[in-house]
Amino acid sequence: MGDSSGSVSIDMEAMSLGGQEHLVETTYGPVCVAVCGDPDKPALITYPDVALNYMFSFQGLLFCPEASSLLLHNFCIYHISPIGHELGAPVIGVDAPLLSADDLADQIVEVLNYFGLGAVMCMGVTAGAYILTLFAMKYRQRVLGLILVSPLCQAPSWSEWLCNKVMSNLLYYYGMCGVVKELLLKRYFSKEVRGNAQVPESDIVQECRRLLCERQSTNVWRFLEAINGRVDLSEGLRKLQCRTLIFIGENSAYHSEAVHMTTKLDRRYGALVEVQGSGSLVTEEQPQAMVIPMEYFLMGYGLYRPAQSVSPRSPLSPTRISPELLSPENMGLKLKPIKTRLAL
């Protein structure tokens, strides 16, 4: 159960991102939502990956000055945490039913209704990207666009299903043990930042490891079970009418999944950005690589970055923008085709 010190940590960390946390009661249970920014602005909702919350999934992106000015200038951000993933969360009771991915998508509608929101922009990471894509497919009128980081869209492969099942069993019987933490860190990050015998792991990995130790293992198990039972969304993707910007780390375990998703989207509305040297959690590992593609993506909605935020050394300075980005196509966005290696 959460104690008083846990409550203080929530407030302090929320303040570091300028957010105020709300506990929203829904049909599927209470969900924590942190609101950052001016509520009179258009809404951007976020959803994290398994075992994470907004503090870690999007902190690196929002601490990047150009990204922060771009997003907070245009949006009020509503960070949705999966049930029981907020800091200081109590253990979900054993009598509570297991939720499916569909339930989690339906829960988002109740959150939007609670805050009186209409159509929103969505940003999700891996499992969170799947939930938001499913939400966009079920409630098309409530979604303006999707920004997806290392997204899932297919049913789990046998290898992923088995890995998730191993983690589920370990979480259920042994809690957040060392093996589970290592499997999750491998899911999130590239080898370069995870380190090895000669190179110590990076600060972001150490911080993530600390955060995982604070997770309620039963709550993580519930979210993991929902994601491991997901269905294939491929056939419905072409019917999505909202613009979709996909980021995928070059070294992400879900690289092929993102490429597959891009091929299933209507080419008029989808774009893929490969981030070199990054794992799945691009928002933390390489957040600066997301800024320019997001800026041109948002131009398609008439949104922009405040001019005063540009400095001569800023990667957003017009003299530093690559020529191909200055010829926007359907989305106000033109990106180099992703390179894939073929076995000869």
Do [X] and [Y] have a side chain donor and acceptor closer than 3.5 Å?
| X | Y | value |
| --- | --- | --- |
| Gln107 | Thr27 | no |
| Tyr54 | Glu21 | yes |
| His255 | Glu274 | yes |
| Ser100 | Asp102 | no |
| Gln288 | Gln286 | yes |

_Heavy-atom check, side chain of Val273 versus side chain of Met290, under 4.5 Å_ =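 In short, these two side chains do not touch, never coming nearer than 4.5 Å.
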*How close do Cys208 and Leu52 get, heavy atom to heavy atom, and via which atoms?*
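The pair with the smallest heavy-atom distance is SG-CD2, 4.1 Å.
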*Joint cluster assignment, Val199 & Val193, ILVMFWY side-chain distance < 4.5 Å*: no
_According to a hydrophobic-cluster definition based on side-chain heavy atoms being under 4.5 Å apart (Ile, Leu, Val, Met, Phe, Trp, Tyr only), do Tyr173 and Leu184 belong together?_
yes
*Would you say the ring centroid of His73 lies under 6.0 angstrom from that of Tyr304?*
yes
*Answer with yes or no after comparing the ring centroid distance for Tyr139 and Phe135 against a 6.0 Å cut-off, counting only values under it.*
yes
*Is there a donor-acceptor pair closer than 3.5 Å between any side-chain N or O of Ser278 and the backbone N or O of Val275?*
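Checking the backbone N and O of Val275 against the side chain of Ser278, no donor-acceptor pair under 3.5 Å is found.
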*Got a sec: does the NZ of Lys191 have more than 12 other heavy atoms crowding it under 6.0 Å?*
no
*If you measure from CD1 on Ile92 to CG on Leu98, what distance do you get to the nearest 0.5 Å?*
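Those atoms lie 9.5 Å apart.
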*Any Lys/Arg nitrogen of Arg194 or Glu182 sitting under 4.0 Å from an Asp/Glu carboxylate oxygen of the other?*
no
*Not counting sequence neighbours, which residues clear ring-ring contact (aromatic ring centres under 6.0 Å, His included) with Tyr254? List them please.*
none
